[in-house]
Each structure stands twice: as structure tokens, then as C-alpha cells.
Amino acid sequence: VKKAKTAKDSNTHGLTKCRVLLAELEAHPDAWPFLTPVNQKAVPGYRKVIKKPMDLSTIREKLTNNQYLNLETFIADVNLIFDNCEKFNEDDSEIGRGGHSMRRFFDKRWTELLD
Ligand SMILES: Cc1ncccc1N[C@@H](C)c1cnc2ccsc2c1
């Protein structure tokens, strides 16, 4: 019998899915360009072009600090990683291809985890 969904349940339930999804993203073989913040001193133009940098370690920090209200706000930050990647990197580049591969994987997994 499906339990009545309280706001708290949905939140807790949603956060568990965030933890599962984040662990899988961090473990993905193509995750390496996205594991830590882009070093904006080492990458010319990045600071100017990318208005909202995001990476998996920052998402891990925000999840640990309880900064995600629900699954949607978590998904928005993950998509920011891939949108930044597409904006800055050619599709036909190692990082560009990695971003497409990671986005495909993530889209498949979070839709599978939905209720
Ligand atoms: C996601 C991303 N977008 C644009 C630029 C950099 C990066 N990633 C960083 C870690 C990075 C920084 N340096 C290198 C050198 C070869 S791949 C790579 C990746």
C-alpha cells in the first residue's frame, strides 16, 4: 500500500535519489573533466564566458550542507555542468564528448529513479 506522501517524505525520498545519482556521476569514467571546479586562471576565457560555474565537488558540498530543497534544484545544478560544457567546448572535443556522454547517462538515470 502506497504511503501518503508528506512534504517531508518527498523531500527525504528526493534527497536519497540525489545521493544515489551524485555517487553514480562521480564514479562515471567520463566524469573526470567535471569532478572539480574549472581552474579559471588556467583556462583562458572561462571566467568571461561561463556566468555560473558548477562541478560535481560543489554539488557534493551543497548536498552535504543540505542546500538542495528537492530533486529539481539538484537536477538544475547538474544540468548547469553540462550546459556550461556545451557552451565552452566544441562537440568534437574530448571534454565536449565527455559532457554529452555524462548528460545522456544522467538523463537516463534520473528518469529511471522517478516514482
Ligand atoms: C569542464 C571543463 N570545461 C572547460 C575547460 C575545462 C574543463 N575541465 C577542467 C577540469 C579541465 C582542465 N584542464 C584540462 C586539460 C585537458 S582536459 C581538461 C579539463
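Order of listing sets the numbers, starting from 1, for every ligand and every atom in it. This structure is a prediction, so every number in the text was calculated from the model and none was measured. Below, all heavy atoms of this structure are taken into account, side chains as well, without hydrogens, waters or symmetry copies.
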Student: In the structure I gave you, are the side-chain heavy atoms of Asn79 and Arg103 within less than 4.5 Å of one another anywhere?
Tutor: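 Asn79 vs Arg103: side chains touch.
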
Student: In the protein, which heavy atom is nearest to atom 3 (N) of ligand 1, and how far is it?
Tutor: Asn89 ND2, 3.3 Å

Student: Which atoms from ligand 1 have a heavy atom of Phe34 less than 4.0 Å away?
Tutor: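 Counting atoms of ligand 1 from 1, those under 4.0 Å from Phe34 are 1 (C).
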
Student: Could you find the nearest protein heavy atom to atom 2 (C) of ligand 1 and give me its residue, atom name and distance?
Tutor: Val38 CG2, 3.6 Å

Student: Can a salt bridge be assigned to the pair Arg97 and Asp91 using a cut-off of 4.0 Å between side-chain N and carboxylate O?
Tutor: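 Result for this pair is no, no salt bridge flagged.
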
Student: What residue among His100, Met54, Arg104, Met102 forms side-chain contact (heavy atoms from CB on, under 4.5 Å) with Phe82?
Tutor: Met102

Student: Can you find a side-chain donor-acceptor pair between Thr36 and Asp55 that sits under 3.5 Å?
Tutor: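 No, no side-chain donor-acceptor pair sits under 3.5 Å.
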
Student: Could you check whether any side-chain N or O of Thr64 sits under 3.5 Å from a backbone N or O of Arg60, counting only pairs where one atom can act as donor and the other as acceptor?
Tutor: yes

Student: Which ligand 1 atoms does Tyr46 reach within 4.0 Å, using its non-hydrogen atoms?
Tutor: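 Ligand 1 atoms under the 4.0 Å threshold to Tyr46: 3 (N), 4 (C).
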
Student: Identify, for atom 8 (N) of ligand 1, the protein heavy atom at the shortest distance, and state residue, atom and that distance.
Tutor: Pro33 O, 3.1 Å

Student: What residue and atom, counting heavy atoms only, is the protein's closest point to atom 11 (C) of ligand 1, and at what distance?
Tutor: Ile95 CD1, 4.5 Å

Student: Do you see a protein non-hydrogen atom under 4.0 Å from atom 18 (C) of ligand 1?
Tutor: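 Within 4.0 Å: yes, protein heavy atom nearby.
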
Student: Return yes if a side-chain donor-acceptor contact under 3.5 Å exists between Tyr46 and Asn39, otherwise no.
Tutor: no

Student: Which of the numbered atoms in ligand 1 are below 4.0 angstrom from a heavy atom of Phe88?
Tutor: 4 (C)

Student: Determine if the distance from atom 13 (N) of ligand 1 to the closest protein heavy atom is below 4.0 Å.
Tutor: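 No.
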
